[in-house]
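Hydrogens, waters and symmetry mates play no part in the numbers below; they use all other heavy atoms, side chains included.
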Amino acid sequence: MESEQSSLFAIVNAPHQFNYENGITLTYVEPGLTRGVLRAGPNSVNPEGNIHGGAIAALADTAAGCCACSTGGDCVTSSCSIEYLRPAQGDLFCEATPKKLGRKLSVIQVAVTDTAGKMVATGTFTFFMTRPGEA
């Protein structure tokens with residue numbers, strides 16, 4: 001199990017990967033709980049000066065996907081639904097927990113907060129498990 005977690009850190013946080021290049025870092029992973037952070041920079045904002053919804057979605061998708069794979073296996077996003085609750089500025093934090101970890105499909109819920117702890121977005125992600133783990 002620990003090797004799965006180490007593997008997720010090594011892949012997601014590696015230089016020249018989408019996440020790394022966009023300020024997204026996986027910070028915590030265990031079966032059933034994953035956390036990540038978006039270190040917002042000048043390329044993370046929309047024309048209004050708030051964090052772009054796509055950057056929020058990328059953070060949420062990353063944390064949710066790692067949660068789906070936290071017991072082993074590989075996955076791809078099948079669908080997602082995000083509710084943007086308020087404009088956000090600065091760094092954002094995402095926590096992902098499973099509704100269902102399955103051999104074929106996993107469903108993960110996410111909560112994204114800002115540095116003040118205010119909820120910025122929530123969502124649900126469904127993943128097709130391309131290589132099932134221990135779920």
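We find the CD-OG1 distance between E83 and T124 to be 6.5 Å, quoted to the nearest 0.5 Å. Put simply, CD1 on I108 and OG1 on T34 are 7.5 Å apart, with the number rounded to the nearest 0.5 Å. For the atom pair N50 CG and Q89 CD, the distance stands at 5.0 Å (nearest 0.5 Å). The structure places OH of Y28 at 10.5 Å from OG of S70, a figure rounded to the nearest 0.5 Å. Between the NZ atom in K99 and the SG atom in C67 there is a gap of 12.5 Å [rounded to 0.5 Å]. To the nearest 0.5 Å, the span separating CE on M129 from CG on L101 amounts to 7.5 Å.
The two residues V110 and A96 have their closest heavy-atom pair at CG1-CB, 3.9 Å. Nearest approach of A121 to I56, heavy atoms of both residues: CB-CG2, 4.0 Å. Across every non-hydrogen atom of G49 and V45, the tightest pair is O-CG1, 3.9 Å. Residues S106 and G102 come closest through the heavy atom pair OG-N, 3.1 Å. V112 and C94 get closest at one heavy-atom pair: CG2-SG, 4.0 Å. For P98 against G32, the heavy-atom pair with the smallest separation is CD-O, 3.2 Å.
Side chains of D61 and F127 form a contact here, defined as non-hydrogen atoms less than 4.5 Å apart. F125 is listed as a side-chain neighbour of I82, based on a closest heavy-atom distance under 4.5 Å.
Taking hydrophobic clusters as Ile, Leu, Val, Met, Phe, Trp and Tyr residues chained together by side-chain heavy-atom distances below 4.5 Å, L38 does not share a cluster with F93. Following chains of ILVMFWY side-chain contacts shorter than 4.5 Å, one can reach Y84 starting from V120, so the two form part of one hydrophobic cluster.
Counting only distance, with no hydrogens or angles, the side chain of D91 and the backbone of A40 share a donor-acceptor pair below 3.5 Å. Distance alone, capped at 3.5 Å, places no donor-acceptor pair between the N13 side chain and the T25 backbone. The main-chain N or O of R35 is found under 3.5 Å from a side-chain atom of T27 such that the two form a donor-acceptor pair.
Counting heavy-atom neighbours within 6.0 Å of K118 NZ, excluding the residue itself, gives a total of 12 or less.
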Indicate every side-chain donor-acceptor pair of residues 16-24 with a distance under 3.5 Å to a residue at least two apart or in another chain.
| residue | atom | partner | partner atom | Å |
| --- | --- | --- | --- | --- |
| N19 | OD1 | T62 | OG1 | 2.7 |
| E21 | OE2 | H16 | N | 3.0 |
| N22 | ND2 | F18 | O | 2.7 |

